[in-house]
Amino acid sequence: MKRRSLLKGLAGLPLIGLWRAAAAAPPKDAKGVEELQRNWKMLLAANATVPLPTEPLKLPDEEWRKRLDSAQYYVLRKEGTERAGTSPLNDEKRPGVFVCAGCSLPLFTSAMKYESFTGWPSFFTTIPGAFATKRDFLLILPRTEYHCVRCGGHHGHLFDDGPPPTRQRWCNNGVALRFIPKIGAA
Ligand SMILES: [Zn+2]
């Protein structure tokens with residue numbers, strides 16, 4: 001009986017309470033976010049070798065076609081969007097680092113991820129210098145598109161309805177990411 005009333009209570013929580021319950025809460029203030037950004041390598045597996053954002057990777061289109069599978073190619077090189085709820089990375093909660101599926105540049109850590117209930121992996125901040133942005137008008141209304149600074153691959157869109165303190169929602173296609181768990185290699 002007690003359990004039932006607890007569940008009933010949970011169901012009544014507003015959405016903002018749910019993301020807190022479902023994942024580690026984001027830091028309380030901007031200083032905490034800066035710390036996550038500065039210390040991102042603490043979540044990188046000891047045996048992982050990753051490139052730097054200052055080492056650009058420019059390849060001809062036919063080379064990308066060879067390296068990427070069709071879903072990755074569609075998102076990364078054609079600015080496509082995967083269907084919501086299709087990525088196994090939606091439920092990835094282990095400690096680790098999310099890198100670009102095109103070029104392995106580290107983009108986010110597990111500590112920057114939160115549950116947005118949109119069906120796409122969502123993050124409230126990024127590893128510094130990982131992305132460049134531009135405006136796009138694919139849905140007529142202007143949106144902020146973001147792409148990997150190293151290979152130019154499209155990853156997703158940035159919205160301003162994320163959790164405090166950043167209020168950012170980096171809405172990322174899961175197929176454009178590869179997850180490297182902190183323990184062992186991916
Ligand atoms: Zn990349």
Side-chain angles (χ1 to χ4, degrees), residues 33-34 36-84 86-114 116 118-139 143-159 162 166 168-182 184-186:
V33 175
E34 277 167 33
L36 284 187
Q37 291 182 315
R38 198 170 47 244
N39 300 325
W40 71 266
K41 280 189 181 164
M42 285 168 63
L43 285 159
L44 187 65
N47 59 352
T49 316
V50 289
L52 295 169
T54 48
E55 301 167 340
L57 181 68
K58 286 204 165 62
L59 297 174
D61 189 58
E62 61 265 31
E63 189 58 35
W64 285 120
R65 275 186 194 276
K66 272 187 237 162
R67 286 189 180 211
L68 303 171
D69 69 31
S70 58
Q72 291 170 329
Y73 179 82
Y74 170 65
V75 169
L76 284 164
R77 309 313 310 179
K78 295 292 167 197
E79 295 196 15
T81 300
E82 72 190 9
R83 268 198 311 126
T86 54
S87 173
L89 293 183
N90 278 320
D91 298 321
E92 181 58 71
K93 292 187 174 70
R94 290 174 292 169
V97 172
F98 296 85
V99 302
C100 177
C103 74
S104 298
L105 182 70
L107 306 173
F108 307 101
T109 69
S110 51
M112 299 169 180
K113 192 171 189 279
Y114 76 103
S116 65
T118 57
W120 290 285
S122 301
F123 304 85
F124 56 80
T125 191
T126 78
I127 290 173
F131 292 114
T133 63
K134 70 173 170 30
R135 298 295 260 176
D136 83 21
F137 296 89
L138 292 179
L139 289 181
R143 293 187 301 175
T144 301
E145 181 274 352
Y146 64 88
H147 49 275
C148 170
V149 79
R150 179 166 188 249
C151 74
H154 168 72
H155 276 262
H157 290 88
L158 173 59
F159 301 93
T166 65
Q168 296 171 3
R169 172 165 58 98
W170 295 78
C171 182
N172 213 100
N173 288 278
V175 81
L177 298 172
R178 182 165 63 85
F179 181 66
I180 305 177
K182 167 78 178 160

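Since this is a predicted model, take the numbers as computed values, not measurements. Numbering of ligands and ligand atoms starts at 1, following listing order. In what follows, every heavy atom counts, from backbone to side chain, and hydrogens, waters and symmetry copies are set aside.
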_Near the Zn ion (ligand 1) (cut-off under 2.8 Å), count of protein N, O or S atoms_ = 4
*Among His155, His157, Glu82, side chain to side chain donor-acceptor pair (under 3.5 Å) partner for Asn172*: His155
*Side chains of Met112 and Ile127: closer than 4.5 Å at any heavy-atom pair?*
yes
*Please determine if Arg65 and Glu62 form a salt bridge, counting it only when a charged side-chain N lies under 4.0 Å from a carboxylate O.*
no
*Taking Arg150 for the side chain and Glu55 for the main chain, is one N or O donor matched with an acceptor at less than 3.5 Å?*
yes
_Salt-bridge criterion met for Arg94 and Glu92 (N-O under 4.0 Å)_ = yes
_Sidechain-backbone polar pair: Asn173 side chain, Val175 backbone, donor-acceptor under 3.5 Å_ = no
